[in-house]
Asker: 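Sending over a structure as structure tokens; questions will come in a sec.
Keep in mind it's a predicted model, so treat the numbers as computed, not measured. Both counts, for ligands and for their atoms, begin at 1 and track the order of listing.
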Amino acid sequence: MEKELVLVLDFGGQYNQLTARRVRELSVYSEMLPYDSSLEEIQGKNPKAIILTGGPASTYQENAPCCDPGIFELGVPVLGIGYGMQLMAFMLGGEIEGSPACEYGYSQLQILEPELLFSGMPDDIQVWLNHGDIIKKAPEEFTVSAKSDNVPIIAMSSPARRFFAVQFHTEAQKNTCGIEVLKNFLFNVTGLRGDWQMSDFIADTITSIKEKVGGKKVLCGLSGGVDSSVAAALVHKAVGDQLVCVYVDNGLMRKGESEEVIKTFQEQMKMNLVYVPAAERFLKHLQGVTDPEHKRKIIGEEFIRVFEEEKAKLGEIDYLVQGTIYSDIVESGTRTAPTIKSHHNVGGLPEDMDFKLIEPLRLLFKDEVRIIGEKLNIPPEIVWRQPFPGPGLGVRVLEEVTREKVDILREADAIVREEIKKAGLERDIWQAFAVLPPVRSVGVKDGARTYAYPIIIRAVISDDAMTAEIARLPWELLEKMARRIVAEVDGVNRVAYDITSKPPGTIEWE
Ligand code: XMP
């Protein structure tokens, strides 16, 4: 029986992929496509339902993002969310206007149509609204299914055509009824069975990698991080020894990391692993470079050059596996989302790259990747390893990267991680690490003046790195780290703790 698929069309809202993920959490496979995907491409996927997501635009602005109107003729149920609702109203003949009282905050929902989308919900739901435009008049065949005191149409539906729309975001945690609305849309309205689970993803991915690769050889840039390890293990399951993993020691790795990668993948998992010591060349290319994006590009390019050299040594190799996950793509800028940082394994790839890419995890969030890692029996130390950026310590030594600074940072970072582990906090904290800023300050040690670097400790809690809050580490733990760092790491005389959330900060400092 053909698997059910729900297509999510992306209109540029920052959290749109969360909608695709919530659908998967409800056991229905879903994929996200850009809003302007052709009708042919959409039909080719044979979706059982389509979701039009939110986005920052207004339907009346020039060049407002618009989907192919043929979507409304496919006979499949459509759910519009936020901008997706306004677009649905606009395209089907409703009227939109700028709201007199732009709603931003909680609003009491008055449900007028307690069946279908709002089935089984209490009467007194509050939803979080954040929008400028409102729908003044729903399209002809629609009825209003929910309103609030300020907004006359918060939800509307055309049950005959199975079109539904809500102004609030179903994926947002703040809208506690959001998941119920999605559930009702998928199962109550669309009549889906919910026939998908993560093990299907593994089996399907293995099959499609096998088909794609055939008898060809595949190269994988293995960093030992969760993403590249899981990607490599998936591809290894599909093509076995056709896969050669290359671990590049770029001189920007954490303490003990290279040894651990060799032990895990070569000795325990019996994968083909080539170890390439390349610290010198990376550090040479980084000399004098201070701009973070420039550093990323340099590191990304150098990675690929190293791969190309290894490829030349290994003979005929066509494919390159990358552990790109969804948050890398979003933050590097998609067709609908602006660039925040170009993550080296996406934005920094040189254009003349001589490989075809295999990116089996590109639709997934980190915790989904970890579930796959566990199912593939990757050792827990790797699956639960905290994320580490591709450019490594290169974006944690702020501004110019020198060997001396990297060595200082590596020692300080090892102390931070060791103490977090000892305190049993490793899994609760998304990332905890040290940063070395390009300033020095005066201190005193053994009665003498010092003029040395500070270390900034950063520890954050997050689900998917899209947003993060600071970890409220116990004072005693922070003090212990600080004492150890200034005592054990030469060249450091001060320690600070970063108490900025994301946004407005980012997790990394560069
Ligand atoms: P930011 O700093 O953007 O980080 O809040 C979000 C997550 O992405 C990681 N990160 C990177 N990963 N290449 C990567 O592979 C990069 O250039 C890069 N920059 C940030 C970061 O560690 C965090 O988990």
Asker: With a 6.0 Å cut-off on the ring centroids, do F265 and Y247 count as close?
Answerer: no

Asker: Closest by any non-hydrogen atom to atom 23 (C) of ligand 1: pick that one out of Q431, E508, K297, M466.
Answerer: Q431

Asker: Consider side-chain contact (heavy atoms from CB on, under 4.5 Å). Of R410, E418, E260, which one does K255 pass it with?
Answerer: R410

Asker: Is E280 salt-bridged to R403, cutoff N-O under 4.0 Å?
Answerer: yes

Asker: Check ligand 1 against P391 and write out every atom of the ligand that is under 4.0 Å from a heavy-atom position of the residue.
Answerer: 13 (N), 16 (C), 17 (O)

Asker: Who's closest to atom 4 (O) of ligand 1 heavy-atom-wise, of V395, I507, T506, D227?
Answerer: I507

Asker: Output the list of atoms in ligand 1 that are nearer than 4.0 Å to some heavy atom of W430, sorted by atom number.
Answerer: 24 (O)

Asker: Please state which option from S462, G390, P387 has its nearest heavy atom closest to atom 13 (N) of ligand 1.
Answerer: G390

Asker: Are S501 and E469 close enough, and set up right, to give a side chain to side chain donor-acceptor pair (under 3.5 Å), and what steps lead you there?
Answerer: CA-CA 5 Å; S501 61; E469 55 182 290; over 6 Å; no

Asker: Only heavy atoms of K502, strictly under 4.0 Å: list the atoms of ligand 1 that pass.
Answerer: 1 (P), 3 (O), 5 (O), 6 (C)

Asker: Flag this pair as yes if the NZ/CZ of R417 is under 6.0 angstrom from the six-membered ring centre of F433 and inside a 45 degree cone about the axis; otherwise no.
Answerer: no

